[in-house]
Amino acid sequence: MTNRPDTRSRGLQPPEQEVGRGGGFQPRDGRPKAVLEVRRLTTRFRTDDGVVTAVDDVSFDVLAGETLGIVGESGCGKTVTSKSIMRLLPEHIASYGEHSEVRFDGVNILRADSRQMRRIRGDKIAMIFQEPMTSLNPVFTVGWQIDEALRYHTNLSRRERRERTIEMLRLVEIPNPERRIGQYPHQLSGGMRQRVMIAMALCCEPDVLIADEPTTALDVTIQAQILDLMSSLKEKLGTAIMLITHNLGVVAQVCDRVLVMYAGRVIEQGCVREIFHAPQHPYTQALLESIPKHGARRSRTHKLPTIRGIVPSLRHLPAGCRFNDRCTYCQQRCIDEEPELIERGLPRPVRCHFPLNQALASADHAKGER
Amino acid sequence: MIGRFLGSRGWRRFRRGRLAMASLAVIGVYFVAAVAVTLGAVSREDTKMRVGPNRLPGFLERINAEKRYDFNKWYVGELSGVFGRAQRAGDEAAAREMLGAFALAERRMSGAAPSELFPVYETMEKAWGELDDALAMREDLADERFVLRAEAAEQRASGADASATEARLREVEERLSEIRPRVEELYREVERAIEVLLPMPEGLRGLVYRLRIGLGTDSKGASISSQAVYSVKIAFQVGFVTALLAVLIGTILGASAAFFGGWVDHVVLWVVSTLSSIPYLVLMAVFVYVFQAPSLAKWFDNPDRPGLGLVPLYAAFGLTFWIGTCRVIRGEVMKIKELEYVQAATALGFGRFSILLRHIIPNTAHIMFINFSLLFIGAIKSEVILTFLGLGVKGQPSWGIMISHGADGVTNFFFWEVGAATVFMFVLVLAFNIVSDALQDAFDPKHV
Amino acid sequence: MWAYVIRKLVYNIPVYLGIILLTMAALRVRDPVAGYLGKNATQSQIDRLTEDMGLDDPFIVQYGRFLWQIVRFDFSEESWAQPGRSVRSILIDSIPPSMSITLPQVAASAMIAMVIALISAYFRGRLVDRVLVFLAVLGMSISYLVYIVFGQFFGAFLPQHLDLKVQPFAIQGYLPWLTEPRNWLTYCLLPVMIGVIVALGFDTRFYRAVMVEESSRDYIVTATAKGASKPKIMFVHMLKNAMIPIITRIMATLPFLITGSILLEVYFNIPGMGRQLITALVANDFPVIQAFVSVLALLFILSIILTDVLYALVDPRVRLS
């Protein structure tokens, strides 16, 4: 980010660029700049039973200031995608495809050396994890752990760092932050710990925050609070968020754009409203249908629809379309050849031979374009 | 249960490890050796029988002058004893019988008539006598040379006339150089005679004899290789019996403690924490001490059935080693008990014992195998230690006995006894170590 | 804090009572008097010794009496095999030699093993790691006794035999360090070194396993995501967490080392607790055996309690109250 002033001495002032646009992602006023470009990302794992491709040819952009949701069932490659971006996968097991690129600030992260990586991690791209219980180091105080990130990425003095830590804790709405910084993680509740994680991730004001199922392990009421907090911080700091989740409700609540993944591939992507209104891929549609509807009529005959079958094992993917064995619309062509992720003639890219809701989607899209 | 274990995924993963499979093959070779020994390939008599002079080095080690003298002296001494007795026996037949009775395992007295052998013996005796004289003279001359050299140097340094001393020195050196080939010749003569009297056996018997002395002999002239191979059987006996005993006790107590809970759990835990509060070597020593009680000795100390002598060791090891297994199995069963399929079996109304036997214990098989392998090593290593401390194997060879006996030899630069036992043991223990590591990796990949 | 210690103490009392019960019962399975005096003893000798030890009393009376002895640390009865010496004096005299080879051994082996384990964990899965792990397995596969035999030969005997200028180690024996510190060092150094080398194989593997396990924890990923360098992660985040199981293990091995050096003490003729115990076992010295096993178990339990307390101090998660 060459056009961004140095974070180090700037305090909490949001960067000018984002201030101009009011922070949040607004798809209608032109195309905002992409901060993170993922191109043809392929991640393979060496296992005892051979090489497994967990993420297969995934490309997408994270635009400045937006919230991008990545949705899919467990094991579809969401988490591996996010960890690949940060290069957090164990290097002796994981390898990346030859043409894979994760471009950030002119650097291909997948080929960056450890010094470049250290400068990016925590400072430019930060991450929060699913398990607040285990993600904090149990033998250091909360304050020490937030302070650590500041120590690596800023030149602040010890006192300034302490002030900043307290400020961050106050920002994530932890009461009594002066006392909390001396406490150990086990003395905090799960929600509190996730707030600490958020404070830790945001204390250097990163450009991108990757949140890997940040609310899954929390109580429902806490979930909503954490999501609200993240949204409001995004507005304040102008950070782009990449939210990984299996919960479509969460996506609807906070995301601007969505990427739907299935068995290691992107199958559909687009704006939240468009996807929720007119899903083109049968899998997306099935996912949407399996959300319990609020106030839906409950009767003996009306059952909540589910997607039959299970996610295929990455070792034994079906030939043709990877969704074909579970798809209600499956035809011979779906078994014979795998569809490409194509935009040609379609309003949004979708990986299906027979996309649904085309007319509706086109109309939506046209409305969006206007 | 074993079938299910062999069909499991972990086993397939284990089989892929090349090193582990090689180690398994090594263990197999040892096992075959142990079976062969049990069937009588190497008997207890073989390990005690004299096969040559004391502390004869094994293959490839060159025999130095000092040892050459010692070994030849031993042969001459033994032979003169036999021939002396034969001479006193008087008539030819008795002498033949007496001579024929002398043997170093397969290496027997020559079958020729005593009338032919006696002259050979006499030339050997004579040559040996001359050799002794020649060696004594050589020593005297060497001493004199040393003194003369010092004297000459002193005289030269003080400027005095050293020619007389130097002349004497030259004379001494000349005689020394004459005596050297003479000594060698006499040695050859003696060795030739020994070879005629005690010819190296030919063919299969020769091979067996060479195997017997291949690793040398111990301080009593008994074969080290026989002892080392015989000890394989002892190691397998001790290892197998105690590991089996410990794993059985540990599994039964651990599984029932976890499965039934309540007072069973309390009692088992109390016994476990009590026994594990005594350092295990002390515990083992105390158990051996108890089982070697005089009142029990009449059962175990039976010279006709030496295998029974190991019972105190089995008991002590078995009673000590089960503790660790019990802990691990208890933890694992606690985990399995909560799994859905066990809950389902309970809900379906299966009996508690049948759940325990059919659903829980088979799923601890890998732990039992790993523990078995680890305890096997533990038993072999502890046997050595206890034997050295005088509390272990008695009356038959074992690696422990070989190492503690051979320890004296090490200070005399004789490494064969300790070395043979060490190498035999090392290979087996290493193989077991690799196998247990591979088992652990294959069945419990998370445990690093 | 004190409440925690006291709770631990109270919890371990039944365990200790059990140990004494088992020890006393086990030692009485075989008739100790007959075992000591042999087959040729007269009845009057047997009776006298039995009466002296109070072995003719009911078991429960003996149990109570022995417990009372332990409480007062009053082992004033005479040793059978070493006439004229009380069990107490044997016990007290044997503690310093044992300590002088045990404590340095623990400290040195823990440090060296930790360093090797860190190196191994740092290069996890690479050649260095695999070589170190394999060396550890090789080292573990050799008998303790062989290390001692060859250690003594190469360390002490060979230099003396070759008349080398430097002869840092004595072949065997022991002198108290208070009166002769330099000789004490020559006597203790070699056994300590051998003990350390023997311990290295197993310790390294254990520490490496601990560190590898810690290195797969979530907080390590968090620290990486924060931008911490690999050395920072290993030496700050991981090591402090790994210290918890490591301290536990070091403390737990302490009492084992007292007896683990039995072999060293016997071979190097060092008059420590282990050697005294083995001498007593071989000589059927009943009063010494009984007292030694009880005291060793007591030391063991005390060190377990100490471990628990230390554990609580290192790990903020364990509440002391």
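All values below were derived from every heavy atom in this structure, side-chain atoms included, with hydrogens, water molecules and symmetry-related copies excluded. Within every chain, numbering begins at 1; the chains are lettered A, B, ... in the order of the sequence lines, protein sequences first and strands thereafter.
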*Non-hydrogen atoms of chain C under 4.5 Å away: do they reach the side chain of A:Q130, the backbone, both or neither?*
neither
_Applying ring-ring contact (aromatic ring centres under 6.0 Å, His included) as the test, list every pair that has at least one member in residues 215-243 of chain C; sequence neighbours left out._
A:F140-C:H237, A:W144-C:H237
*Do the charged groups of A:E173 and A:R180 touch, with an N to O distance under 4.0 Å?*
no
*asked:* Whether A:E178 and A:R170 form a salt bridge (side-chain N of Lys/Arg under 4.0 Å from carboxylate O of Asp/Glu) is what I want to check.
replied: yes
_Under a 4.5 Å cutoff for heavy-atom pairs, which residue among A:I210, A:I120, A:V139 has the most contacts with chain C?_
A:V139
_So if I apply the side chain to side chain donor-acceptor pair (under 3.5 Å) rule between A:D147 and each of A:R164, A:R161, A:R158, A:R162, which one comes out positive?_
A:R161
*More than 12 heavy atoms of other groups within 6.0 Å of A:R111 CZ*: yes
_Donor-acceptor pair between A:E131 and A:T134 side chains, under 3.5 angstrom_ = no
*With sequence neighbours left out, write down each residue that passes side-chain contact (heavy atoms from CB on, under 4.5 Å) with C:I270, or none if nothing qualifies.*
C:P97, C:I101, C:Y174, C:P191, C:E265, C:F268
_Looking at every non-hydrogen atom in both residues, tell me the closest pair between A:Q145 and A:N137 and how far apart they are._
NE2-O, 2.7 Å
*Between A:E66 and A:K234, is the closest basic N to carboxylate O distance under 4.0 Å?*
no
*Answer with side chain, backbone, both or neither: which region of A:S135 has an atom nearer than 4.5 Å to a non-hydrogen atom of chain C?*
both
*Any residue of residues 222-234 of chain C which, by heavy atoms, sits under 4.5 Å from chain A*: C:T222, C:T224, C:A225, C:K226, C:G227, C:A228, C:S229, C:K232
*Please report the closest heavy-atom contact between A:L88 and A:M127, naming both atoms and the distance.*
CD1-SD, 3.7 Å
*So what's closer than 4.5 Å to chain C heavy atoms on A:M117: side chain, backbone, both or neither?*
neither
*Tell me, for C:I244 versus chain A, whether the close heavy atoms (under 4.5 Å) come from the side chain, the backbone, both or neither.*
side chain
*Interface residues of residues 128-141 of chain C facing chain A - non-hydrogen atoms under 4.5 Å apart*: none
*asked:* Does this structure show an ion pair linking A:R119 with A:D123, if we count only N-O contacts that are shorter than 4.0 Å?
replied: no
*Side chain, backbone, both or neither: which part of A:M200 has an atom under 4.5 Å from a heavy atom of chain C?*
side chain
_Check this for me, if you would: do C:E214 and C:R217 make a salt bridge, where the nitrogen-to-carboxylate-oxygen distance has to be below 4.0 angstrom?_
yes
